[in-house]
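Reviewing the structure listed below.
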Amino acid sequence: MDLQTCLDYYCQLAEKNNTIDPDLYEKYNVKRGLRNKDGTGVLVGLTEIGEVHGYILDEGERTPDHGRLLYRGIDIWDIVRGFQQEGRFGFEEVCYLLLFGELPDKKRLEEFTHLLAEHRSLPDGFVEDMILKAPSNDIMNKLARSVLAAYSYDPNPDDISLRNVLRQCIELIARFPIMVAYGYQAKAHYYENKSLYIHLPQTELSTAENFLYMIRPDNQYTSLEAELLDLALVLHAEHGGGNNSAFTVHVVSSTGTDTYSVIAAATGSLKGPKHGGANIKVMKMIEDIKNNVKDWHDEEELRNYLIKILRREAFDRSGLIYGIGHAVYTLSDPRAVLLKQKAAELAREKDMEDEFGLYLAIEKMAPELFVAEKKVDKVVAPNVDFYSGFVYKMLNIPIELYTPIFAISRIAGWCAHRIEELVSGGKIFRPAYKNVLGKKSYIPLEQR
């Protein structure tokens, strides 16, 4: 019997014997997805790294509130305003803040920025042996493999002392953009028959500038493009300990394993379309809307199509308007607000104001339609994914790089959470699962 025929049978068997009665979750008060009935997350830990605020909880009642995102207690609005008013890039400063818990002075920021620049280059032979000889059609897959491969190039990979882990974290933060850029170039060359460009990272450029420099054949970018990518990196760097990939960092770190295993696991978590790939879903939805709504300026036509999407009659039949709503944020997502402001500038520079207007129209209509069609009183607003894909499109960044850019940014938060777990954790994560099957008897082979 061939494998495909066997798999037909095995799939039916696996589905039958892995289906748990949904009523049992209610009976045993199981918090599926570690979520309470009201959608809030189950409290499983403490952190000082990031805080996400989206509502006010008073005597069990949730009151919608404007979103706040804090990095080490500092409001993201203040962070962004600070470096933008001084006319400099902010991602390196944010990395320092997340790792070490305080803002650097000018000398420390220059020192840390120089450290990252010094450690961008990959080890000898790494590009040829680990990236070009084993390309992947999925860059997140290539990134995870590159992280695991880095273990073999580390003279002291298993030492989880704070000093050694900090050294590994600094190297990984510096090298993630290079691993992604080279992984992309390998994919473009070996899977799409394009010319192979391997540009060396430049020590005098910021993280955002370097990435644009390395993925573009001519190395060219405008200052506004670099500023917007830098802002995107800042806004994606951290989002509290409860997001899936940060929680993965805590869970895997609690076992005492090495840094590369932890970060590869977090990368695998982010690769999932329910986590890191949401902006790609937004982009595909927007393209579908553009193909089916003849006049983007006709509010009635656009409204009717959005209703079809919500009624599972259009796009992917999921009933979701992607990029609208969030697990925590209600009235607003501060990341989306900040990104939208800068995106408006680039839309003018790129002559894409018409398409930007489509996003604004959907943002205006979607919350009201969501409540009317879903018959719920949930307050929803655009999240960061609603605008980030459009930003990357304006930056002429290929869609397959959207989630890897998220990883380039979030590695800073992951490393901060790993350090926090090693310093303050202490216990291996060991939640409980209740077996609801009951006891069965073993049946001899000849009697089955």
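Below, each value reflects all heavy atoms present in this structure, side chains not excepted, and no hydrogens, waters or symmetry copies. For reference, positions follow the sequence shown, starting with 1.
Between the side chain of Asp65 and the backbone N or O of Ile56, no donor-acceptor pair lies under 3.5 Å. At distances below 3.5 Å, not a single donor-acceptor pair connects side-chain atoms of Glu349 with backbone N or O atoms of Leu224. Judged by distance alone, with hydrogens and angles left aside, the side-chain atoms of Asp351 form no donor-acceptor pair with the main-chain N or O of Arg348 at under 3.5 Å. Using a distance-only test at 3.5 Å, with no hydrogens or angles considered, a donor-acceptor pair links the side chain of Arg312 to the main chain of Ser318. Between the Glu238 side chain and the Leu98 main chain, no donor and acceptor come within less than 3.5 Å of each other. Distance alone, capped at 3.5 Å, places no donor-acceptor pair between the Arg35 side chain and the Gly41 backbone. Remark: side-chain polar atoms of Glu227 are not paired, donor with acceptor, to backbone N or O of Gly87 under 3.5 angstrom. Checking side-chain atoms of Arg410 against main-chain N and O of His236 turns up a donor-acceptor pair under 3.5 Å. At distances below 3.5 Å, at least one donor-acceptor pair connects side-chain atoms of Asn304 with backbone N or O atoms of Glu300. At distances below 3.5 Å, not a single donor-acceptor pair connects side-chain atoms of Arg72 with backbone N or O atoms of Gly50.
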For the pair Arg108 and Glu111, evaluate salt bridge (Lys or Arg N to Asp or Glu O under 4.0 Å) and give the outcome as yes or no after the intermediate values. CA-CA 5 Å; Arg108 288 297 185 189; Glu111 174 188 84; 2.9 Å; yes
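At least one side-chain heavy atom of Cys415 sits less than 4.5 Å from a side-chain heavy atom of Leu99. The shortest distance between side-chain heavy atoms of Glu225 and Lys350 falls below 4.5 Å. Residues Val337 and Trp77 have side chains in contact (heavy-atom distance under 4.5 Å, counting atoms from C-beta outward). In this structure the side chain of Tyr387 reaches within 4.5 angstrom of the side chain of Phe356, judged on heavy atoms. Residues Thr330 and Val380 have side chains not in contact (no heavy-atom distance under 4.5 Å, counting atoms from C-beta outward). Counting heavy atoms from C-beta on, the side chains of Gln84 and Leu231 come closer than 4.5 Å. Lys187 is not listed as a side-chain neighbour of Ser136, based on a closest heavy-atom distance of 4.5 Å or more. Side-chain contact between His53 and His66 is absent, with no heavy atoms from C-beta onward closer than 4.5 Å.
Of all non-hydrogen atoms in Ala208 and Ala226, the two that sit nearest each other are CB-O, 3.6 Å. When all heavy atoms of Leu302 and Met365 are compared, the pair lying nearest together is CD2-CE, 4.0 Å. A pairwise comparison of heavy atoms in Arg145 and Pro135 identifies NH2-O, 3.7 Å as the closest pair. The minimum heavy-atom distance between Trp414 and Val249, with the atom names listed, is O-CG1, 3.5 Å.
Between the side chains of Asn141 and Lys271, no donor-acceptor pair of N or O atoms lies under 3.5 Å. Asn219 and Arg216 share no side-chain donor-acceptor pair at under 3.5 Å. Side-chain atoms of His114 and Glu118 form a donor-acceptor pair, as typed in the model, at a separation below 3.5 Å. Side-chain atoms of Gln168 and Asp154 form a donor-acceptor pair, as typed in the model, at a separation below 3.5 Å. In summary, the side chains of Thr207 and Asn210 do not present any donor paired with an acceptor at a separation below 3.5 Å, with no hydrogens or angles considered. Side-chain atoms of Glu420 and Thr47 form a donor-acceptor pair, as typed in the model, at a separation below 3.5 Å. No side-chain donor from either of His119 and Glu171 sits under 3.5 Å from a side-chain acceptor of the other.
Remark: Arg32 is positioned above the aromatic ring of Tyr25, its terminal NZ or CZ atom under 6.0 angstrom from the ring centre and at most 45 degrees off the axis.
Here the straight-line distance linking atom CG of Asp230 with atom CG of Leu235 works out to 9.5 Å at 0.5 Å rounding. With rounding to the nearest 0.5 angstrom, the SG atom of Cys95 is 10.5 Å from the CG atom of Leu109.
Legend: residues meeting ring-ring contact (aromatic ring centres under 6.0 Å, His included) with Tyr322, ordered by chain and number and at least two apart, are absent. With sequence neighbours excluded, no residue satisfies ring-ring contact (aromatic ring centres under 6.0 Å, His included) with Tyr55. Residues that satisfy the ring-ring contact (aromatic ring centres under 6.0 Å, His included) test with Phe247, not counting sequence neighbours, are Phe429.
When each of Leu320, Ile286, Asp316 is tested with Lys281 by the rule side chain to side chain contact (heavy atoms under 4.5 Å, CB included), just one qualifies, namely Asp316. If you run salt bridge (Lys or Arg N to Asp or Glu O under 4.0 Å) between Arg88 and each of Glu93, Glu209, Glu110, only Glu93 comes through. The only option from Asn292, Leu369, Ile321 that meets the side chain to side chain contact (heavy atoms under 4.5 Å, CB included) definition with Ile309 turns out to be Ile321. Checked against Tyr71 for a side chain to side chain contact (heavy atoms under 4.5 Å, CB included), the options Leu103, Ile76, Ile49, Asp78 give a single hit: Ile76.
In summary, the aromatic rings of Tyr329 and His239 are positioned with their centroids under 6.0 Å apart. Aromatic ring centres of Tyr213 and Tyr221: separated by at least 6.0 Å.
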